[in-house]
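By convention in this document, chain letters (A, B, ...) are assigned in the order of the sequence lines, proteins followed by strands, and residues within each chain are numbered from 1.
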There are 2 protein chains.
Amino acid sequence: MNLQQLRYVREAVRQNLNLTAAANRLFTSQPGVSRQIKELEDELGMKIFVRRGKRLVALSEPGKLVVEIIGRVLDETENLRQVGREYHDRDSGSLVIATTHTQARYSLPLVVTGFKRRYPKVRLTLQQGNPPQLARMVLDGDADIAIATESLDHVPQLLALPGYSWTHCVVVPARHPLARAPRLTLEDLARYPIITYDPAFTGRTHIDTAFAARELKPDIVLSAIDADVIKTYVDLGMGVGIVAAMAFDARRDKRLRAIEAGHLFGTNTTRVAVRRGAVLRGYAYAFIEMFAPHLSRPVIEKALAGEGELYEL
Amino acid sequence: MNLQQLRYVREAVRQNLNLTAAANRLFTSQPGVSRQIKELEDELGMKIFVRRGKRLVALSEPGKLVVEIIGRVLDETENLRQVGREYHDRDSGSLVIATTHTQARYSLPLVVTGFKRRYPKVRLTLQQGNPPQLARMVLDGDADIAIATESLDHVPQLLALPGYSWTHCVVVPARHPLARAPRLTLEDLARYPIITYDPAFTGRTHIDTAFAARELKPDIVLSAIDADVIKTYVDLGMGVGIVAAMAFDARRDKRLRAIEAGHLFGTNTTRVAVRRGAVLRGYAYAFIEMFAPHLSRPVIEKALAGEGELYEL
DNA sequence: TATCCTTACGGAATTCGTAAGCATG
DNA sequence: CATGCTTACGAATTCCGTAAGGATA
């Protein structure tokens, strides 16, 4: 048994049991992958994969268990490298933040600039994706930290800590009737075509459940990933927008008006997620703390230790 | 990085940083171990060990972390092999029970015979030692299950489940004055020289604390690891014995009398311990259940999953 | 001076990539 | 017939053990 064999198995699973694809991703030859996997199976005395003819078509029953354990082994070897990097040079290395457009555009710029000033030698990368993709990036080790508002807290292998809370607002053209309404209601809102976030993003579930609770069927004419797109179409008169309050800037969005809508859609919590069991670089803790000052290193480490525990704001 | 290097590091630590001893235990050459460790250090970009001249004298600060992670990696690779064995042949393999003399002699014989009848192809080994040694055997992977009454539940990396409860009894020669006493008290007992278990064994702590609570200083003239030795010296008139009740057999110990002493020393709990995170063979679960019927496989698996949780009788 | 780690070197074993073979959809 | 896994073989790399060197208690 060796680590190479384990890496091959993991990659084969990630590539949907396609050994050719796995070999390409690992920059090696396909026969090599094939042989190493077979040798591992021989050594363990069992088949990890179910083959039909010459193709891998499924994981065997014990294979599922094996793959799970292999994941843990390789995660821990990655932790070893991380420890090495940390003690080799404490303040240089790389940090990959997987996040949504909303965070990257509105809540992270200040954090990123502050971080770069403090840790100039760290290569900082922002990866964008929808929340399930972000979760996968962190789980696969392609990103160190995920920051998003939706669905990070449903993945058991992730530790998702609350970063900050925010509410939605409704944006309308300056002379829109809603801009003069006294106190906005969901019924008012449902009378107009609506432009808001894609279902996977930025508190969209809160919007949907709020309407559903009143048995309203809003006419969502357009959904987009980011507030800039939404505001553009609101400005064009296509409908009223529902965006995160932080995405409205009275100075820049002069032709629009924002109406606070926390009473309609509730409070959203943007979370910071890391892989449970991961060793984080010191500056990764620093980044998280810059983003959410209450998430200090000891707080995070304590949350990582007390596995099942929930931690709320 | 490869698994061999990790094994070398782990063994070096286990052998108190003596690479020669580590090489011997792993049936390889000492320069090989030396070189592989150096190469691992080079790859991680840090020193795992602190060297004075040419000797390893300590673990470096990051080295401690590295060794901890290495332990997890190697434990998981052992789990992989275990899965292989389980699916290769469900009912054959080996099972090592680390236990004390008392258990091996008085509580396990029935279990062992029943187990052997059900799983004739399993090589069953009983290892004896004092409780701290038993814990170490399980942690080092030299034993699968530890069974003992003392101190197994203080090791965080072990899951120690209650197996059964028992009390002490006092054994005296047939015509000893205590044999006629109405209801035994600690004060009565403290008047005679006492023979009982070694401090690390079989509920000895309960005995000590019981006397200490009454500020009595018993004269313990001899301590031994097992009840057979104790009973022998009681028979010779050296003193009165305190042993586990199950160790007294009225038919065989004809020249002695037993006096129930649960009201003096309280109830003891013999525990079954396995390494947290270990994959157990199916028959290992079966053994535990034969030993303590309430510890069924689902119960154990649930306890292994809910990490911090305590489970009591 | 005995113990113990490092360095040096030659041989053995393993690994790897290319090329060819063959099954599947 | 294109895709994808297996087998075969020669080359390259890695690994390992012996022998010698040097430091420490």
Nearest-Å distance for atom pair CG/C1', residues B/Leu26 and D/dC16: 14 Å
I want to check one thing: is the phosphate of C/dG17, taken as OP1 and OP2, less than 4.0 Å away from some side-chain N or O of A/Thr28? yes
Tell me the interatomic distance from A/Gln36, atom CD, to C/dG17, atom P, rounded to whole angstroms. 10 Å
With a 4.0 Å cut-off, would you call A/Lys38 and A/Glu41 a salt bridge? no
Determine: side-chain N/O of A/Asn2 to OP1/OP2 of C/dT14, distance under 4.0 Å, yes or no. no
For C/dC16, does OP1 or OP2 lie under 4.0 Å from any side-chain N or O of A/Gln4? yes
Starting at CD of A/Gln15 and ending at C1' of D/dG4, how long is that distance when rounded to a whole Å? 14 Å
Could you check whether B/Arg118 pairs with B/Asp91 (Lys NZ or Arg NE/NH1/NH2 to Asp/Glu carboxylate O, under 4.0 Å)? yes
Can you tell me how far P of C/dT7 sits from CG of B/Leu19, to the nearest Å? 13 Å
Just to be sure I understand the rule, does B/Ile37 reach a base, reach only the sugar-phosphate, or reach nothing, if contact means heavy atoms closer than 4.0 Å? nothing
To the nearest Å, how far apart are B/Lys54 NZ and C/dC5 C1'? 6 Å
Ignoring hydrogens and angles, are the base of D/dG17 and the side chain of B/Arg35 linked by a donor-acceptor pair under 3.5 Å? yes
Let me know, please, whether A/Arg52 or A/Gly32 comes out on the 5' side of the other along DNA chain C by nearest nucleotide. A/Gly32
Determine whether A/Ile97 and A/Gln127 make a side-chain contact, defined as any pair of heavy atoms from C-beta on separated by less than 4.5 Å. no
Over how many whole Å does the gap from A/Arg51 atom CZ to C/dC22 atom P extend? 19 Å
Looking at B/Lys121 and B/Asp89, is there a salt bridge between them, counting it only when a charged N and a carboxylate O are closer than 4.0 Å? yes
Which residue lies toward the 5' end of DNA chain C, A/Pro31 or A/Glu39, if each is placed at its nearest nucleotide? A/Glu39
N or O in side chain of B/Gln30 less than 4.0 angstrom from C/dT3 OP1/OP2: no
If you check every side-chain atom of B/Arg55, which of D/dG17, D/dA23, D/dG4 has the closest atom? D/dA23
With sugar-phosphate meaning primed atoms plus P, OP1 and OP2, does B/Thr20 contact a base, only sugar-phosphate, or nothing at under 4.0 Å between heavy atoms? sugar-phosphate
If we count only N and O atoms by modelled type, under 3.5 Å, do the side chains of B/Gln82 and B/Asn79 hold a donor and an acceptor together? no
Just the rounded figure in Å: distance from C1' of D/dC5 to CG of A/Asn16. 16 Å
Would you kindly give the CG-to-P distance between A/Asn18 and C/dG25, to the nearest whole Å? 14 Å
